[in-house]
Trainee: 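Can you read through this structure? Questions will come right after.
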Amino acid sequence: MPIRLYNTLTRSMEEFAMAAPDAPVRFYSCGPTVYDDAHIGNFRSFLNADVLRRALELHGFRVKHVMNITDVGHMTEDDSADGGGEDKMAVAGRRIAEAKKAGKLPAGAEIDPTDPYAIAEFYAQRFLEDARHLGLKVAIEERTHPELMPRPTRCVPQMIALVEQLVARGHAYIAADGVVYFSVQSYPAYGRLSGNTLDNLREGEGGRISAAHQAVKRHPADFMLWKPDPSHLMRWPSPWGEGYPGWHLECSAMARMLLGDEIDLHSGGEDNIFPHHECEVAQSCCASGHHVFSRFWFHTRHLQVEGEKMSKSKGNFFTARDLFAKGVTPAALRLELVRTHYRTNSNFTMQGLRDCQRMIDRWAAARAALAERAASPSPNAAQHGPFERALVEFKDAVGDDLNLARAIAALNTAIGEEPAGDAKAELAALDAMDSVLGVFERNAPLASDAADDLAAKVEALLERRRAARAAKDWAESDRVRDELTALGVRIKDGPQGTTWERAV
RNA sequence: GGUCGCGUACCCAAGUGGCCUAAGGGAACGGAUUGCAAAUCCGUGAUUCGUGGGUUCAAAUCCCACCGCGACCUCCA
């Protein structure tokens, strides 16, 4: 069964295939920067890359997935990509110092706000925690294969080598200000990925580019590869003086180091298309002499929240951890972030999160029923059951440029049908679908002190209610239930007693 | 200003020329169940696809215009 993907590079749908069928797919994803906690918009992009990887695996490919964790302090305002403004790691350090003073630093965090490496490591670990909760496979693999999530600060020699090669091949030059720039005019294919050809770029120049920086460059679109700056927070020795790398460089260098000069797939958010990925292509192709850097480019569109652009000032800005703390299960957040097609703007809503949770709970109930049926020897059914049939449609939908909405519909349809077929095979089919959705393993709220406190309170109230119900004191029973509702708890009376969950 | 994408029921969302008098989920409503709820199960739900034109035997699907939203061009997933 073929898998078709939209390729940003060709702006068309293409069948994804490998030259050698048993070779692993070389897949590079632009990962997070670690100046702060990743927000749900970041995670939509990372999780879509994860779904793509899982979809490829469902279709029989082996995938070597690499995702970088950017720990170099890039600049807050990158005037014409020359490095201006303030180091973001320094900004993060100041924020941490303030939080420390206010006593608002997260429990157990001992961190020196003046040490950029410590700041980066602090947020990198928090990212990995969030990512593993959400089932990002590459973050789970990182535990045993840390090289799959490389840090640019540990790959500076590879970046320097790349720049040297670009200079030697005449694709880069050292300007009067000592900065090493990539010469976009030396690469005729510049603009192929984004559509921002040099001609088009000239149109949009108007007034935004500072004359001082432009003066030393051969072309306004030339971008920085290495900037000598002995006062920079994070700096390394180089043939061009102590300084720091340009912000496109790390991905080219690390993709090459871990996957080779030519890769099969590269992903990122839509905003990465230009300039970041355009510049990566230019650097990588010019350094390697190959015509192709990545065969396929996969870009996820941005996320909105409750119909609006997510922003801190609107109060609709969420990190994954914010939501986990409210009792949102990682499974529900994962599904809400990936169920909308990756090439359309998705609208994240609290209601959507609830919808997802209900769907997942129904799937989990179906799985439990199947597991029970599979445990006892059942008459072997010759016919395929609903889940085995759904898997065929599911796989086809997933292979259709990751049409998860259609795939999920196939699963839901199976849920509504009469159980039939061999229970073991049915269970295997359901689990195969979950190998892409990735929800069964993480369908529980995260443990926390606050959650424990709530649980204790709820148990006490439930005990009171049990006593009232035993005495048929319905008024008291309902009063207690109202109290529970006020705590954000929903209860369920069943034959096995009363269960409860946090209403999200 | 330039380039590109999108607009389907109360909400999320599939469908991109005839199988569409439009999947799937949620909400709502009616019923079963329950001390009452919740959960569960059964049922109801767009003659219509942003608006106005056009092409076609046939359009949600193609073309044009307008309106609305978004992205990129500039740090951003």
Side-chain angles (χ1 to χ4, degrees), chain A residues 11 29-33 38-49 74-81 83-86 88 191 194-197 200-209 221 247 267-276 278 299-304 306-311 335-337 339-363 365 393 397 400 403-416 468-469 472-475 477-478 481-482 484-485 489-494 498-501 503:
Chain A
R11 289 175 192 76
S29 290
C30 281
T33 52
H39 57 67
I40 55 174
N42 301 129
F43 273 114
R44 164 140 125 122
S45 162
F46 306 145
L47 287 175
N48 269 125
H74 294 305
M75 297 295 110
T76 51
E77 45 180 281
D78 222 344
D79 282 342
S80 65
E86 200 177 356
K88 286 183 183 169
S194 64
N196 285 332
T197 59
N200 288 346
L201 279 174
R202 220 160 311 188
E203 304 296 321
E205 250 177 71
R208 288 205 180 100
I209 293 166
W247 68 280
S267 78
E270 61 174 322
D271 54 290
N272 281 153
I273 298 171
F274 189 88
H276 185 52
E278 192 70 65
H299 291 106
T300 298
R301 283 194 159 260
H302 279 188
L303 162 87
Q304 290 181 267
E306 307 285 353
E308 284 188 291
K309 196 168 171 168
M310 179 166 71
S311 73
L335 188 62
E336 169 71 357
L337 290 176
R339 67 174 169 151
T340 303
H341 188 80
Y342 73 94
R343 277 191 297 112
T344 64
N345 289 114
S346 72
N347 185 17
F348 176 91
T349 62
M350 293 311 279
Q351 183 59 51
L353 223 37
R354 276 175 233 128
D355 292 359
C356 287
Q357 188 60 63
R358 294 197 51 150
M359 257 196 282
I360 295 165
D361 287 344
R362 197 138 19 87
W363 300 343
E393 161 71 3
D400 177 18
N403 192 336
L404 283 208
R406 222 181 91 205
I408 290 166
L411 170 52
N412 281 327
T413 303
I415 296 276
R469 294 186 77 216
K472 294 208 191 298
D473 183 353
W474 307 127
S477 164
D478 290 352
R481 187 167 59 203
D482 289 344
L484 286 161
T485 304
V489 167
R490 200 169 31 226
I491 60 169
K492 231 191 281 189
D493 294 328
T498 302
T499 59
W500 64 279
E501 61 187 12

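Proteins get letters first, then strands, A, B, ... in listed order; numbering begins at 1 in each. When reading the values below, keep in mind they use all heavy atoms of this one structure, side chains included, and skip hydrogens, waters and symmetry mates.
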Trainee: Can we say A:D478 and A:R481 salt-bridge, meaning some charged N sits less than 4.0 Å from an Asp/Glu carboxylate O?
Mentor: yes

Trainee: For atom P, what is the distance between B:A23 and B:U48, given to the nearest Å?
Mentor: 15 Å

Trainee: Measure from CG on A:D493 to P on B:G35 and round the result to the nearest Å.
Mentor: 9 Å

Trainee: With a 4.5 Å cut-off on side-chain heavy atoms, are A:R44 and A:R301 touching?
Mentor: yes

Trainee: Separation of A:F43 atom CZ from B:A77 atom P, in whole Å?
Mentor: 12 Å

Trainee: Considering only the C1' atoms, how many Å lie between B:C10 and B:C67, rounded to the nearest integer?
Mentor: 23 Å

Trainee: Between A:R343 and B:C6, does any side-chain N or O lie under 4.0 Å from OP1 or OP2?
Mentor: no

Trainee: Does a side-chain N or O from A:N347 land closer than 4.0 Å to OP1 or OP2 of B:C12, or not?
Mentor: yes

Trainee: Could you state the CG-P distance from A:L337 to B:C12, rounded to the nearest angstrom?
Mentor: 16 Å

Trainee: Tell me which one of A:C30, A:S267, A:P32 satisfies side-chain contact (heavy atoms from CB on, under 4.5 Å) with A:F46.
Mentor: A:P32

Trainee: Answer with base, sugar-phosphate or nothing: what part of the nucleic acid does A:N412 contact at a heavy-atom distance below 4.0 Å?
Mentor: sugar-phosphate

Trainee: With both distances under 3.5 Å as the test, what is the Watson-Crick or G-U wobble partner of B:U48?
Mentor: none

Trainee: Please determine whether a side-chain nitrogen or oxygen atom of A:R339 lies at a distance below 4.0 Å from atom OP1 or OP2 of B:A14.
Mentor: no

Trainee: Would you measure the distance from the P atom in B:C49 across to the matching atom in B:U61 and give it in whole Å?
Mentor: 9 Å

Trainee: Would you indicate what A:N403 reaches in the nucleic acid, counting non-hydrogen atoms under 4.0 angstrom: base, sugar-phosphate, or nothing?
Mentor: sugar-phosphate

Trainee: What about A:S477, does its side chain sit under 3.5 Å from the base of B:G35 through a donor-acceptor pair?
Mentor: yes

Trainee: If I take atom CG in residue A:D482 and atom P in nucleotide B:C36, what distance separates them, rounded to the nearest angstrom?
Mentor: 17 Å

Trainee: Need one value for A:T499: base, sugar-phosphate or nothing, where a base atom within 4.0 Å counts as base even if backbone is also close, heavy atoms only.
Mentor: nothing

Trainee: Are the side chains of A:L353 and A:Q357 in contact, using a 4.5 Å heavy-atom criterion?
Mentor: no

Trainee: For A:W247 and B:U74, what is the distance between atoms CH2 and P respectively, to the nearest whole Å?
Mentor: 11 Å

Trainee: What does A:H39 touch in the nucleic acid at a heavy-atom separation under 4.0 angstrom: a base, only the sugar-phosphate, or nothing?
Mentor: base

Trainee: If we take the P atom in both B:C41 and B:G26, what is their distance in whole Å?
Mentor: 9 Å

Trainee: Here's a test of your reading of the structure: between A:A475 and A:G268, which maps to the more 5' nucleotide of RNA chain B?
Mentor: A:A475

Trainee: If you look at every strand shown and take non-hydrogen atoms under 4.0 Å, does A:R481 touch a base, only sugar-phosphate, or nothing?
Mentor: base

Trainee: Provide the distance between the two C1' atoms, one in B:A38 and one in B:A32, to the nearest whole Å.
Mentor: 15 Å

Trainee: So A:L411 and A:R362, do their side chains get closer than 4.5 Å, heavy atoms only?
Mentor: no

Trainee: When you compare B:G52 with B:A59, how far apart are their C1' atoms, in angstrom units rounded to a whole number?
Mentor: 16 Å

Trainee: Between the side chain of A:D493 and the main-chain N/O of A:T498, is any donor-acceptor distance below 3.5 Å?
Mentor: no

Trainee: As an exercise, state the distance from SG of A:C356 to CD of A:E336, rounded to the nearest 0.5 Å.
Mentor: 4.5 Å

Trainee: Taking atom P in both B:U55 and B:C29, compute the distance separating them and give it to the nearest angstrom.
Mentor: 47 Å

Trainee: In whole Å, I'd like the distance from the OH atom of A:Y342 to the P atom of B:G70.
Mentor: 23 Å

Trainee: Check this one for me: any side-chain N or O of A:N345 less than 4.0 Å away from OP1 or OP2 of B:G70?
Mentor: no

Trainee: By the 4.0 Å heavy-atom rule, please label A:L411 as base, sugar-phosphate, or nothing.
Mentor: nothing

Trainee: Decide, yes or no, whether a salt bridge links A:R406 with A:E393 under the criterion of side-chain N to carboxylate O below 4.0 Å.
Mentor: yes

Trainee: Mind calculating the distance between CG (A:D355) and C1' (B:A28) to the nearest angstrom?
Mentor: 13 Å

Trainee: Base, sugar-phosphate alone, or nothing: which one does A:R469 contact when heavy atoms must sit under 4.0 Å apart?
Mentor: base

Trainee: Whom does B:G1 pair with, Watson-Crick or G-U wobble, provided both distances fall under 3.5 Å?
Mentor: B:C73

Trainee: Taking for each residue the nucleotide of RNA chain B bearing the nearest heavy atom, is the 5' side occupied by A:I40 or by A:Q304?
Mentor: A:Q304

Trainee: Could you work out the separation of B:C75 and B:U16 based on their C1' atoms and round it to a whole Å?
Mentor: 36 Å

Trainee: In the structure shown, which nucleotide is the Watson-Crick or G-U wobble counterpart of B:C6, with both distances under 3.5 Å?
Mentor: B:G68

Trainee: Rounded to whole Å, please give me the gap between CG in A:D478 and P in B:A37.
Mentor: 10 Å

Trainee: Would you say B:A39 has OP1 or OP2 under 4.0 Å from some side-chain N or O of A:R358?
Mentor: yes

Trainee: Is the phosphate of B:A13, meaning OP1 or OP2, less than 4.0 Å from a side-chain N or O of A:T340?
Mentor: yes

Trainee: Is the aromatic ring centre of A:H302 closer than 5.5 Å to the centre of the six-membered base ring of B:A77, with the two planes inclined by less than 30°?
Mentor: yes

